[in-house]
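In what follows, a single structure is set out as structure tokens and then discussed.
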Amino acid sequence: MTDCRIHPSILSADFANLEAELRRIHTADAVHVDVMDNHFVPNLTLGLPIVQRLQQVSDLPLDVHLMIEDVDRWGPGFAEAGAQSVTFHAEASNAPVKLARDLRSSGARAAMALRPATPIEPYLDMLPELDMVLIMTVEPGFGGQSFLDITLPKIRRTRAAIEGTGLPIALQVDGGISRDTILRAAEAGADVFVAGSAVYGADEPAAAIDTLRNVVTGTHTPVV
Ligand code: DX5
Ligand code: ZN
């Protein structure tokens with residue numbers, strides 16, 4: 001497994017200087033934007049107006065992770081704002097197939113996220129509606145939490161199901177990804193890696209991104 005895309009999360013960035021913070025991650029494949037409403041998760045971050053500005057001031061593709069209720073209503077607006085991908089939580093959508101189709105028809109890649117205790121099995125038949133599945137590797141809501149190894153079997157099962165479709169569906173992991181944990185997630189089948197504190201907590205975020213990527217592609221041996 002050498003496929004590897006790194007999406008830094010700006011949840012760990014300086015919210016007063018987001019334009020400059022995006023320049024610090026120029027080696028990233030996309031920027032992960034965590035939208036939280038203090039209802040689906042016990043935290044509040046940013047919404048559509050800021051996503052629209054990020055889209056205007058940066059060339060990095062936006063990977064928008066919606067941790068909000070009523071996502072069937074609010075999700076398509078983020079696709080219309082120009083996000084490359086829009087991720088909704090399965091637990092928050094009443095009509096995930098319709099929402100995925102709405103996102104695609106608004107020009108975004110459609111992605112669905114699962115909290116750590118939510119199984120993939122009820123959603124296997126809708127994989128062809130999706131461009132990416134996000135397996136949360138922490139409980140959503142906050143950066144800086146520890147990677148949950150209990151999610152590894154679900155990552156493996158999801159990778160196997162994706163291979164079964166024959167479709168190029170990405171498999172993203174989010175939460176607790178660092179140079180110490182990224183290889184476990186990669187070996188289980190993940191190919192898109194969100195990292196907040198591991199990137200923005202580093203002195204040189206662009207170099208931290210390269211380090212994470214190199215751990216997966218095998219050109220770097222992590223210091224134990
Ligand atoms: C958590 C967010 C993550 C968060 C990850 O709910 O979805 O994107 O920023 O932060 P780290 O990498 O620090 O666990
Ligand atoms: Zn996220």
From I120 atom CD1 to M126 atom CE, the distance as rounded to the nearest 0.5 Å: 9.0 Å
T181 side-chain N/O to G176 backbone N/O, donor-acceptor pair under 3.5 Å: yes
Carboxylate-amine/guanidinium proximity below 4.0 Å for K98 and D72: no
Approximate separation, where rounding is to 0.5 Å, of T118 OG1 and K154 NZ: 5.5 Å
In one Ile/Leu/Val/Met/Phe/Trp/Tyr side-chain cluster, 4.5 Å: L134, V71: no
Any residue meeting side chain to side chain donor-acceptor pair (under 3.5 Å) with E121, in chain and number order, not counting sequence neighbours: R157
Euclidean distance, T165 OG1 relative to L127 CG, rounded to 0.5 Å: 6.0 Å
L22 side, atom CG; L62 side, atom CG - distance, nearest 0.5 Å: 8.0 Å
D34 CG to I68 CD1 distance, which is reported to the nearest 0.5 Å: 12.0 Å
Less than 3.5 Å apart, which donor and acceptor atoms pair up between the side chains of residues 47-58 and the rest of the protein, not counting sequence neighbours?
{"unit_1": "R53", "atom_1": "NH1", "unit_2": "Q56", "atom_2": "OE1", "d": "2.6"}
{"unit_1": "Q55", "atom_1": "NE2", "unit_2": "G82", "atom_2": "O", "d": "3.4"}
{"unit_1": "S58", "atom_1": "OG", "unit_2": "L60", "atom_2": "N", "d": "3.0"}

Inter-residue atom distance T151.OG1 - I135.CD1, 0.5 Å rounding: 8.0 Å
Whether over 12 other heavy atoms sit under 6.0 Å from R213 CZ: yes
H65 and D63: side chain donor to acceptor below 3.5 Å: no
Crowding at CD, E139 (>12 non-hydrogen neighbours, <6.0 Å): yes
Same apolar cluster (I L V M F W Y, side chains within < 4.5 Å links), I209/F147: yes
Connected via hydrophobic side-chain network under 4.5 Å: V173 and M132: no
Joint cluster assignment, L103 & F78, ILVMFWY side-chain distance < 4.5 Å: yes
Transitive ILVMFWY side-chain link L124 to M112, under 4.5 Å: yes
